Amino acid sequence: MITIYHNPRCTKSREGLCEIENLNQPFEIRKYLDEPFTKVELEEVIKKLNISPIELVRTKESIWIENFKGKQLSDAQIVQAMLENPKLIERPIIINGDKAIIARPKEKINEIIK
């Protein structure tokens, strides 16, 4: 099952959702601002993405700039910051089984669907 972690207010996330809809495959939408990640879920997504936690952070968000920029943070602290401030999480995230991608640009979705 394909899952899209989606923020309806984000243009890139809406584009990713449209791309998923065009695949004509079953999928589920997780509006992660309404239904936040658990710590285990977020750590699993980071593992599937094969990135470090900081690579999932939207570092240009004002929350990051005002509260975290320039600080030496551990991976656990970065994960905690995203759990407490889900707007910091890059989007959309597409999961397909054990594969995951940050769909920016939306065409990256094809890398994990085939």
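Everything numeric here is computed off the predicted structure, so don't read it as measured data.
When the salt bridge (Lys or Arg N to Asp or Glu O under 4.0 Å) test is applied to Glu28, no partner is found at least two apart in sequence or on another chain. Among residues two or more places apart in sequence or in another chain, the salt bridge (Lys or Arg N to Asp or Glu O under 4.0 Å) test is passed with Arg104 by Glu90. Residues satisfying the salt bridge (Lys or Arg N to Asp or Glu O under 4.0 Å) test with Glu61, not counting sequence neighbours, are Arg58. Partners of Phe27 according to the ring-ring contact (aromatic ring centres under 6.0 Å, His included) rule, which considers only residues two or more places apart in sequence or in another chain, do not exist here. For the side chain to side chain contact (heavy atoms under 4.5 Å, CB included) test, residues two or more places apart in sequence or in another chain that qualify with Pro105 are Glu107, Lys108.
You'll find the side chain of Ile4 stays beyond 4.5 Å of the side chain of Ile109, heavy atoms only. A heavy-atom distance below 4.5 Å is not found between the side chains of Arg91 and His6. Two residues are said to be in side-chain contact when any heavy atoms from C-beta on lie closer than 4.5 Å; Ile2 and Ile112 fail this criterion.
Between atom OG1 of residue Thr38 and atom CD of residue Glu41 there is a gap of 3.5 Å, rounded to the nearest 0.5 Å. Ile95 contributes atom CD1, which lies 10.0 Å from atom CD1 of Ile101 (distance to the nearest 0.5 angstrom). Separating the CD1 atom in Ile65 from the NZ atom in Lys60 is a distance of 9.0 Å, to the nearest 0.5 Å. If you take CG on Leu88 and OG1 on Thr59, they are separated by 9.5 Å, rounding to the nearest 0.5 Å.
Under the salt bridge (charged side-chain N to carboxylate O under 4.0 Å, His left out) criterion, no residue pair touches residues 62-79, with sequence neighbours excluded. A ring pair (Phe, Tyr, Trp, His ring centres under 6.0 Å) check over residues 30-60, counting only residues at least two apart or in different chains, returns the pairs Tyr5-Phe37, Tyr32-Phe37. Applying the ring pair (Phe, Tyr, Trp, His ring centres under 6.0 Å) definition to pairs two or more places apart or across chains, those involving residues 53-93 are Trp64-Phe68. For the ring pair (Phe, Tyr, Trp, His ring centres under 6.0 Å) condition, no pair includes a residue of residues 77-98, sequence neighbours left out.
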Do any side-chain atoms of residues 43-52 form donor-acceptor pairs under 3.5 angstrom with protein atoms, and if so which ones, sequence neighbours left out?
unit_1 : atom_1 : unit_2 : atom_2 : d
Lys48  : NZ     : Gly97  : O      : 3.0
Ser52  : OG     : Glu55  : OE2    : 3.0

Donor-acceptor pairs under 3.5 Å, side chain of residues 14-23 to any protein atom, not counting sequence neighbours: which ones?
unit_1 : atom_1 : unit_2 : atom_2 : d
Arg14  : NH1    : Pro8   : O      : 2.9
Arg14  : NH1    : Arg9   : O      : 3.4
Arg14  : NH2    : Thr11  : OG1    : 3.3
Asn22  : ND2    : Cys18  : O      : 3.3

Sequence neighbours left out, cut at 3.5 Å: what donor-acceptor pairs do the side chains of residues 77-84 make with other protein atoms?
unit_1 : atom_1 : unit_2 : atom_2 : d
Gln77  : OE1    : Ser74  : N      : 2.7
Gln77  : OE1    : Ser74  : OG     : 3.3
Gln80  : NE2    : Glu84  : OE2    : 2.9

Open item on the list: Leu56 vs Leu42, test: side-chain contact (heavy atoms from CB on, under 4.5 Å). Steps then yes/no.
Closed with: CA-CA 10 Å; Leu56 190 56; Leu42 186 55; 3.9 Å; yes

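There is a path of hydrophobic side-chain contacts, each under 4.5 Å, that joins Leu33 to Ile102.
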